[in-house]
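Predicted model only: the values in this text are computed from it and were never measured. Every number for a ligand or one of its atoms is a count from 1 in the order of the listing.
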Amino acid sequence: MGQAAIIDGKGFAEGLRARVADCAAAFTHKAGRKAGLAVVLVGEDPASQVYVRSKGKQTVACGMASFEHTLPADADEAQLLGVVDRLNRDPAVDGILVQLPLPAHMDEQKVIAAINPDKDVDGFHVVNVGRLATGLPGFVPCTPLGCIMLLQHTLGSLAGLNAVVIGRSNIVGKPMAQLLLAQSCTVTIAHSRTRDLSEVVRRADIVVAAVGRPDMVKADWLKPGATVIDVGINRVPGAEAGKTRLVGDVDFASASTVAGAITPVPGGVGPMTIAVLLRNTIVAAHRNAGLAFDESAL
Ligand code: GUN
């Protein structure tokens, strides 16, 4: 059996961030201000705090302005909506991201709906979901956009390929399917109620796994030579007592002997998400400032 090519998401993300930094410098020169990204965090979830800190650091490293707003876990929804409203009206802010999940007493859909769609760099607002579904320019959720970039980098044209997306979330599975369809793939969305999942996956030239179940996709589910994109980030007990390690939704050790190309976990899709967020922010900045920009060059 062969050995799959490893799709280097970490390296691709570094290159993307460097291109964003060049565009950000040019934007600052043309607009007379930096492009700006605002991140709003409610509560003290440690994983969310890590993401938000990392976003802030990478935003500044790319030459953009980072605005962070934190609210206590018991803040009421009206307070959060007030912050979103101020950011919508602040001309220094091009992109707004409200870190999810929100505390249970807040209505995520209502908060997302309050964000100006032209600053919605997460691509979660229904206006952007509709734009993606109809092929209009908007903002596309960062993780699936990162996956399609890796696929195009690996395969070139995706036209005519059979793609199976495992997972139907609003954040990954559904937008992923739309992006693959826009690239003329034949798309199947599989999920927890799909019958004979392994048979469905075996027909795929492209498999995108986004279910959150450690090592679920096995080598014998794959068509030999398939391209495998693993969106899963699952923490499981490690070899040493008390230690954990990260694994994807794909059983990498076995799958990499059958696949043609595969993303590792960590170092595959994960690093792409923030790099694409920065990409979406510099795109938003040019659009909001009315400046011409070749978005395809990113
Ligand atoms: N929580 C985990 N991932 C994301 C993301 O991409 N965007 C937002 N807003 N929250 C998240």
Would you please test Val98 and Ile112 for side chain to side chain contact (heavy atoms under 4.5 Å, CB included) and show each step?
-> CA-CA 8 Å; Val98 177; Ile112 291 166; over 6 Å; no

In sequence, state the C-alpha distance, the side-chain angles, and the governing distance for Met176 and Leu151, and then conclude on side chain to side chain contact (heavy atoms under 4.5 Å, CB included).
-> CA-CA 11 Å; Met176 189 74 233; Leu151 282 166; 4.2 Å; yes

Verify side chain to side chain contact (heavy atoms under 4.5 Å, CB included) between Phe252 and Val247, making sure each step is shown before the conclusion.
-> CA-CA 8 Å; Phe252 181 87; Val247 300; over 6 Å; no

Evaluate the criterion salt bridge (Lys or Arg N to Asp or Glu O under 4.0 Å) for residue pair Arg131 and Asp118; output intermediate values, then yes/no.
-> CA-CA 11 Å; Arg131 286 168 171 164; Asp118 297 327; 3.3 Å; yes

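Other residues, nucleotides and ligands place more than 12 heavy atoms under 6.0 Å from the NE2 atom of His191.
Evaluation of the salt bridge (Lys or Arg N to Asp or Glu O under 4.0 Å) rule for Glu68 yields no partner, not counting sequence neighbours.
Among protein residues, Leu97, Val98, Gln99, Leu100, Asp122, Phe124 come within 4.0 Å of ligand 1, judged on heavy atoms.
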